[in-house]
Structures are given as structure tokens and as C-alpha cells.
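Quantities reported herein were computed from a predicted structural model and do not represent experimental measurements. All heavy atoms count here, side chains included; hydrogens, waters and symmetry mates do not.
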2 protein chains.
Amino acid sequence: MRISTRGKYGVRAMFDLAMRYGQGPIPLKTIAERQEISEHYLEQLMGNLRRAGLVNSVRGAQGGYELAFTPGEIKIGQIIRVLEGPIAPVECVEDGADPACERFDSCATRLLWERLRDSMTEVLDSTTLADLCEEAANL
Amino acid sequence: MRISTRGKYGVRAMFDLAMRYGQGPIPLKTIAERQEISEHYLEQLMGNLRRAGLVNSVRGAQGGYELAFTPGEIKIGQIIRVLEGPIAPVECVEDGADPACERFDSCATRLLWERLRDSMTEVLDSTTLADLCEEAANL
DNA sequence: CTAATCCCGAGTAAACCCATAGGGATTACG
DNA sequence: CGTAATCCCTATGGGTTTACTCGGGATTAG
């Protein structure tokens, strides 16, 4: 029941960018050092986030990454979905999964997994990067 | 963000036992066939559940497994913890994890993971096998 | 005695995770 | 215009986990 380092690192990196929102592009190297994440590995994650439209990149010297939206507009759930895939404890309760479940009594356990999925989604989609920044300020 | 087949199969098998609670021991083979789970694989899972005290086993012919408590006394969270480990999206918010987090601003993300853990725990520990049986009856 | 059953440990193929390596493209700045 | 800083891309590899399979031993009802 763990998320992988992808989601963990991704949220950390995005939080790092959120804390410096509006200060121009932040180089990957800086984020990686501050967050103690392998640079090359983080690069792959940032690539995914960029292609998903959550960050913009600026190439060349003095370049780096910046959020594509304000911290208040980016939900943690979006980051997780990009880096970890759909938020669903089992495949058959993924959003848009085919509803044909040939198993008869699995339906009972399915309701359980749906409730679990919903409660996870609720937490992850009701928290934005701005919320994390605010919480960080109160520590 | 998936549970493995261990948790999935385990819940299915325990649900199967709950639906037949009080009818004497159910052989593994029967459960495996009904739930379409590899027999040898399920055997390993049942071993874990037995050692955790959630099921009793009866050896020899006419033997099998039965719940060690009434369906209403067994929470899904207990099954998941036996087969999947602690319910925690990241290691540092495991119950009883050392509170020494040398990372400074990870604290902000930590609050998030704690909220996620709590919402997952809430769902899994507020549902019992009896709840699943009841839901199955209403389908 | 025998068949049914649980019990146990080893082995294994595939997938996934977490990187690492090396080079190419772009651009600010002197 | 050259150079260093930076993003971009693909490939590779070791380690771990997953989801089994296999083979045999122990126990017990009938």
C-alpha cells in the first residue's frame, strides 16, 4: 500500500517549485540537491510532468522548470496520477474501467475498493500545492 | 497506488469464509476454485492469516479453514495489514515509525501523507467481513 | 490403510523500481 | 562567437518484489 519514490519525489519537487513560484525557472540541479534526489532520475520525472502540462521548462543557460499554474491550481492528485497512474487500489475500480466484472461475489469486495479509492481521491484532490506551502509556513 | 494480489486474494478468501461461517472448516481447494485463485499461492496467504490468528486450520481429511472470530469481529484492515504490511503511503508515516525526520521541508508533505494514511485506515478499519456479507446479500 | 487435507521451504520467470550513462539540442552571457 | 549551463532523449542494468510453481512431509477422518 505504498506509493513509489516517483510520486514521493514528484510531490517534493513540485512543492519545491511552489515555494519559489514567480521567481523564474529553477534548474533541476537545484531542486535535486535541495530535495536530495538523484538528478538524472528526477529529470525523468520532470519530463513526465512537463508532458502532462503541469510544469514548463526553459532550456539553455539560466533555464530550469517552473509551475505551469499557480500553486493553488495544482492538486496533489494530478501529480500522483501523472507519476503513479490512476488512483485506484485495484484495477477494476479505475476511472473508466470496463464495468464488466464476470466474477459474481467480487462485487461485494468491489464496493469496498470503491470506497477506498474515493477516500484516497478525496484527500489527494482536495489538497493543492498552495496548501502544502501554507502548512510549511506554519511549522 | 495499488494493493497487490495478496491483499485482494486475501480479502476474497476471507469473505468466502465469512459467507460460510459456522459451517465447519472449508478446504483450501474449495476456496481457491470458487475464487479462482491458484491453490498453492493461496495456501501461502492462508498460512500468514493463520499465524496472525485470523483463521483457524483443521488438518487432515475433512479439514480446512475457518474464521477465528465472527465476521463482525474481523476488520478488512487487519487482513490487509497481515498480507500487505502497514497501511501507510510512505514509510515515514507508518505507525510507530521513528519520528526523526532529518529533512526539513518534507514535513509539509508529511502532513499530507498522514492525512492520506488516516483516510485509508478509516475505510479499511470501519469495514468488517460482516459488512461485506451484508452488501453481498443486497445485490 | 488411504485419501484428503494442511504445512513448509525452495525455486523461478517476469515485472517493476530506481536509478546510471552518455550524448544531443538549446540558449544566456561574456 | 564561444562556452558553460541547462534541458532533452534513449538505452541499460542491478536489485527487489510479485505471483506463482514444485515437491514433499505431517496429520487425521473414514
Legend entry - Minimum-distance nucleotide (side-chain atoms of A:L28 versus C:dC6, C:dC8, D:dC7): D:dC7

Inset, instruction - Map B:Y9 and A:G64 onto DNA chain D by nearest heavy atom, then report which one ends up closer to the 5' terminus. - result: A:G64

Legend entry - Sugar-phosphate only, base, or nothing, as touched by B:G47 at under 4.0 Å among non-hydrogen atoms: nothing

Inset, instruction - Measure the distance from OH on A:Y41 to P on C:dC16 and round it to the nearest whole Å. - result: 14 Å

Inset, instruction - Over all heavy atoms of both residues, which pair between A:M46 and A:A13 is shortest? Give the atoms and the distance, please. - result: SD-CB, 4.3 Å

Inset, instruction - Mind checking B:G63 for me? I need base, sugar-phosphate or nothing, with any heavy atom below 4.0 Å counting as a touch. - result: sugar-phosphate

Inset, instruction - Give the nucleotide from the list C:dC8, C:dC18, D:dA26 with an atom nearest to the side chain of B:E43. - result: C:dC8

Inset, instruction - Quickly work out the A:L42 CG to C:dC17 P distance and round it to whole Å. - result: 17 Å

Inset, instruction - Using whole Å, report how far CE of A:M1 lies from P of D:dT17. - result: 18 Å

Inset, instruction - Using whole Å, report how far OH of B:Y65 lies from C1' of D:dT27. - result: 13 Å

Legend entry - Greater than 12 external heavy atoms within 6.0 Å of B:E39's CD: yes

Inset, instruction - Looking only at non-hydrogen atoms, find the nearest pair between A:V11 and A:I76 and report the distance. - result: CG2-CG2, 4.1 Å

Inset, instruction - Could you tell me whether the side chain of A:Q44 has a donor or acceptor atom within less than 3.5 Å of a complementary atom in the base of D:dC9? - result: no

Legend entry - side-chain N/O B:T5 vs D:dA19 OP1/OP2, d < 4.0 Å: yes

Inset, instruction - Consider only side-chain heavy atoms of I, L, V, M, F, W and Y, link residues closer than 4.5 Å, and tell whether B:V58 and B:L67 are in one cluster. - result: no

Legend entry - Rounded distance (Å) that lies between atom P of C:dC16 and atom CD of A:E91: 11 Å

Legend entry - Proximal nucleotide (of D:dC7, C:dA28, C:dC6) relative to the A:S57 side chain: D:dC7

Legend entry - Nucleotide nearest A:S38 when distance is taken to its side chain, options C:dC6, C:dT20, C:dG24: C:dT20

Inset, instruction - Could you tell me whether B:R12 and B:D16 make a salt bridge, using a distance below 4.0 angstrom between a side-chain N and a carboxylate O? - result: no

Legend entry - Presence of donor-acceptor pair under 3.5 Å, side chain of A:Q62 and base of C:dC29: no

Inset, instruction - Would you classify A:R51 as touching base, sugar-phosphate or nothing, given that sugar-phosphate means primed atoms plus P, OP1 and OP2, and contacts are heavy atoms under 4.0 Å? - result: sugar-phosphate

Inset, instruction - From the options D:dA19, D:dT6, C:dT20, select the nucleotide whose nearest atom is closest to the side chain of A:P27. - result: D:dT6

Inset, instruction - Would you kindly give the CZ-to-C1' distance between A:R6 and C:dC16, to the nearest whole Å? - result: 8 Å

Inset, instruction - Rounded off to whole Å, could you give me the CG-to-P distance for the A:L17 and D:dC7 pair? - result: 11 Å

Legend entry - Under 4.0 angstrom between A:S4 side-chain N/O and C:dC16 OP1 or OP2: no

Inset, instruction - Would you mind classifying the nucleic acid contact of B:I26 as base, sugar-phosphate or nothing, using non-hydrogen atoms under 4.0 angstrom? - result: sugar-phosphate

Inset, instruction - May I have the distance from B:R50 (atom CZ) to C:dC7 (atom P), rounded to whole angstrom? - result: 4 Å

Inset, instruction - Would you mind telling me which residue lines up with the more 5' stretch of DNA chain C, A:V58 or A:H40, judged by nearest nucleotide? - result: A:H40

Inset, instruction - Check the surroundings of atom CZ in B:F69: do more than 12 heavy atoms from other residues, nucleotides or ligands lie under 6.0 Å from it? - result: no

Legend entry - Of the listed nucleotides D:dT21, C:dC17, D:dA5, the one nearest the side chain of A:A61: D:dA5

